[in-house]
Amino acid sequence: MRLIKLKLKLNSYPIIFSDNNEDLITYFKKYLSNRKIFFISDTNVSKFYLKQLQKLCLQEKFNVYSYVFKAGEGQKTIDTLNKLYNYALSVGIDRQFAVVALGGGVVGDTAGFFASTYMRGLKLVQVPTSLLAMVDSSIGGKTGVNIEKGKNIVGAFYQPQFVFVNTQFLKTLDPKHLKNGMAEIIKYAISFDQKFFNKLNLIFQKSIITEKDFKDIIYQCCKFKADIVQRDEKEVTGIRELLNFGHTFAHALETITKYKQFLHGEAVAIGILFVAILAEKIKFCDLATKQKIEEILINAGFNEKISKKLNHNTLLNLMKKDKKSVSQIIKFVLPRKIGQICSRIEVNDQIILKAIEEISK
Ligand SMILES: NC(=O)c1ccc[n+]([C@@H]2O[C@H](COP(=O)([O-])OP(=O)(O)OC[C@H]3O[C@@H](n4cnc5c(N)ncnc54)[C@H](O)[C@@H]3O)[C@@H](O)[C@H]2O)c1
């Protein structure tokens with residue numbers, strides 16, 4: 001069992017790495033003295049793991065309730081939350097219960113926001129089951145849901161008691177969602193560590209990624225994320241904004257395609273290519289850096305472009321409404337070189353539109 005301690009000003013919590021779900025129960029006992037648990041999961045994840053975890057909890061005389069909602073980004077809504085609040089109240093979930101988010105980023109974000117608001121806050125445990133959730137969304141306390149006009153618009157910072165990462169869960173994750181998580185991993189590599197970037201690029205060139213590769217990659221990414229969150233928990237100093245590398249464009253793309261055409265990671269991969277093109281256009285990075293970014297994306301299997309039919313001005317305007325934009329001015333996170341990125345960079349609209357043109361087919 002490995003552990004990373006995430007140290008925050010007001011509280012600290014561990015990210016626990018274990019292949020054994022019994023360790024999860026041990027940590028429940030350590031952190032949740034009331035032994036009352038409310039599992040929240042989705043239809044895909046629950047069919048593999050919920051019963052087993054419930055059983056382990058019941059053996060230890062925990063009081064257990066569960067709520068399962070339909071899988072998919074389309075469910076990360078206020079409507080799902082509303083159903084959750086009503087269900088919780090109807091079965092008697094009170095402030096002694098802890099919410100356990102068992103699933104990918106959609107479950108983690110929705111259950112996390114539920115935990116932060118229901119009866120003014122219940123304890124929360126994140127049990128990520130997708131690659132993306134393991135390396136990114138379960139860590140750092142960002143929770144929330146989408147509304148029709150924008151992604152993650154309603155939310156809160158709400159830190160869990162602990163995060164439990166069991167990479168064995170990945171055995172049932174389908175390959176397209178595994179690839180989806182790879183985009184966030186590439187994001188960390190470009191952003192923070194040239195050596196890790198080179199290692200990852202070599203791994204992508206092999207036909208098989210071993211279990212040990214996965215474990216090492218996930219552990220390393222959790223370290224990157226924990227380090228950034230520790231330095232800027234609530235995204236005020238600009239450091240945490242670095243994690244949005246590739247995301248300004250990705251969010252606009254997801255919104256314009258109504259979350260239906262691209263998985264989050266696919267949109268992030270296109271967003272990363274977009275900022276690489278943008279950075280090279282304004283000579284913020286050199287051509288070689290842009291090419292290395294293109295290469296790693298292709299090696300990882302990301303070679304999609306966006307449809308020419310998408311309205312480029314709408315994409316531009318959506319980016320202007322991004323949470324990071326100030327008075328309609330988009331603040332980009334751009335690559336300087338592999339292992340180094342900078343936030344809050346402004347780029348002229350005409351250049352932005354040219355870069356969108358380049359990633360369209
Ligand atoms: N809070 C944050 O800091 C943060 C960071 C990045 C992304 N996100 C959010 O995360 C979401 C995307 O997360 P995601 O890619 O995990 O999506 P997801 O939760 O929809 O999971 C992807 C799919 O895999 C299934 N699944 C998950 N684990 C499985 C397993 N072990 N076995 C079988 N099926 C499994 C899910 O049911 C779903 O169908 C987006 O909403 C994004 O906005 C949040």
Side-chain angles (χ1 to χ4, degrees), residues 6 21 40-50 52-53 68-77 80 101-113 115-116 124 126-147 150-160 163-185 187-188 214 218 221-222 224-226 228-229 232-235 240-248 250-251 253-255 259-260 262-269 271 322-323:
L6 199 156
N21 285 335
I40 300 178
S41 191
D42 73 19
T43 42
N44 292 336
V45 177
S46 62
K47 71 175 182 238
F48 292 112
Y49 306 110
L50 186 58
Q52 186 218 354
L53 290 179
V68 174
F69 62 83
K70 201 172 146 213
E73 182 74 30
Q75 304 302 308
K76 208 176 107 172
T77 59
T80 301
L102 174 69
V106 167
V107 169
D109 283 9
T110 311
F113 187 63
S116 77
L124 170 68
Q126 290 280 4
V127 183
T129 60
S130 70
L131 182 58
L132 182 142
M134 287 180 193
V135 297
D136 193 356
S137 61
S138 64
I139 301 161
K142 276 194 185 177
T143 71
V145 295
N146 307 324
I147 58 170
K151 199 171 150 62
N152 297 329
I153 292 298
V154 180
F157 284 98
Y158 198 66
Q159 301 293 348
V163 181
F164 184 81
V165 179
N166 180 349
T167 52
Q168 298 303 312
F169 289 138
L170 297 178
K171 291 193 168 146
T172 53
L173 186 68
D174 74 46
K176 81 173 180 180
H177 284 113
L178 209 55
K179 184 177 147 197
N180 184 43
M182 284 300 177
E184 301 286 355
I185 290 170
K187 172 191 84 175
Y188 289 121
F214 265 115
I218 291 167
C221 290
C222 288
F224 289 132
K225 176 99 191 224
I228 292 286
V229 172
D232 183 15
E233 183 186 352
K234 297 213 168 146
E235 209 162 293
R240 194 165 173 168
E241 282 170 28
L242 296 174
L243 294 172
N244 284 301
F245 180 61
H247 282 59
T248 306
H251 287 162
L253 188 58
E254 285 179 288
T255 306
Y259 308 109
K260 286 193 180 119
F262 298 98
L263 291 177
H264 180 67
E266 289 167 343
V268 168
D322 187 86
K323 288 196 289 300

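Note that the structure is a prediction, hence the values are computed from the model and not measured. Read the numbers this way: they start at 1 and go in the same order the structure lists the ligands and their atoms.
The backbone and the side chain of Thr129 each have at least one atom closer than 4.0 Å to an atom of ligand 1 (non-hydrogen atoms only). The part of Asp42 lying near ligand 1 is the side chain, judged by heavy-atom distances below 4.0 Å. Heavy atoms of Lys76 found under 4.0 angstrom from ligand 1 belong exclusively to the side chain. Under 4.0 Å from ligand 1, heavy atoms of Leu173 appear from its side chain as well as its backbone. If you look at Ile139 next to ligand 1, there are no close heavy atoms at all, none under 4.0 Å.
Taking every heavy atom of Asn152 and a limit of under 4.0 angstrom, the matching atoms of ligand 1 come to 43 (O). The ligand atoms of ligand 1 that sit less than 4.0 angstrom from a heavy atom of Asp136 are 5 (C), 6 (C). When each atom of ligand 1 is checked for a heavy atom of Lys151 under 4.0 Å away, the hits are 40 (C), 41 (O), 42 (C), 43 (O). Atoms of ligand 1 lying under 4.0 Å from any heavy atom of Gly104, numbered from 1 in the order shown and given with element: 16 (O), 19 (O). If you number the atoms of ligand 1 from 1 as listed, the ones under 4.0 Å from a heavy atom of Asn180 come out as 15 (O). The Tyr49 neighbourhood of ligand 1 comprises atoms 31 (N), with distances under 4.0 Å to a heavy atom of that residue. In summary, the atoms of ligand 1 found under 4.0 Å from a heavy atom of Ala71, numbered by their order in the structure, are 37 (O), 39 (O). Listed by atom number, the atoms of ligand 1 under 4.0 Å from Lys225 heavy atoms are 3 (O).
Among protein heavy atoms, atom 40 (C) of ligand 1 sits closest to Glu73 OE1, 3.1 Å. Protein heavy atom nearest atom 12 (C) of ligand 1, with residue, atom name and distance: Leu132 CD2, 3.8 Å. Nearest to atom 39 (O) of ligand 1 among the protein's heavy atoms is Asn44 ND2, 2.9 Å. Closest to atom 14 (P) of ligand 1, if we only count protein heavy atoms, is Gly105 N, 3.5 Å. If you check which protein heavy atom lies closest to atom 22 (C) of ligand 1, you get His177 CD2, 3.3 Å.
A salt bridge does not link Glu266 to Lys176: none of the charged side-chain nitrogens sits closer than 4.0 Å to a carboxylate oxygen.
One option in Leu243, Leu263, Val106 has a heavy atom closer to atom 18 (P) of ligand 1 than any other, and that option is Val106.
Taking both residues in full, the closest heavy atoms of Ala71 and Asn44 are given as CB-ND2, 3.3 Å, listed atom of the first, atom of the second, then distance. Summarising the geometry of Ser116 relative to Thr143, their closest heavy-atom pair is OG-OG1, 4.4 Å, with the distance given to 0.1 Å.
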Which donor-acceptor pairs under 3.5 Å do the side chains of residues 132-140 make with protein atoms, sequence neighbours left out?
unit_1	atom_1	unit_2	atom_2	d
Asp136	OD1	Lys225	NZ	2.6
Asp136	OD2	Lys187	NZ	3.4
Ser138	OG	Ala133	O	2.7

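Under a 4.0 Å heavy-atom criterion, Lys187 is not in contact with ligand 1.
The aromatic rings of Phe169 and Tyr49 stand perpendicular to each other, their planes meeting at an angle above 60°, with 30° marking the opposite boundary.
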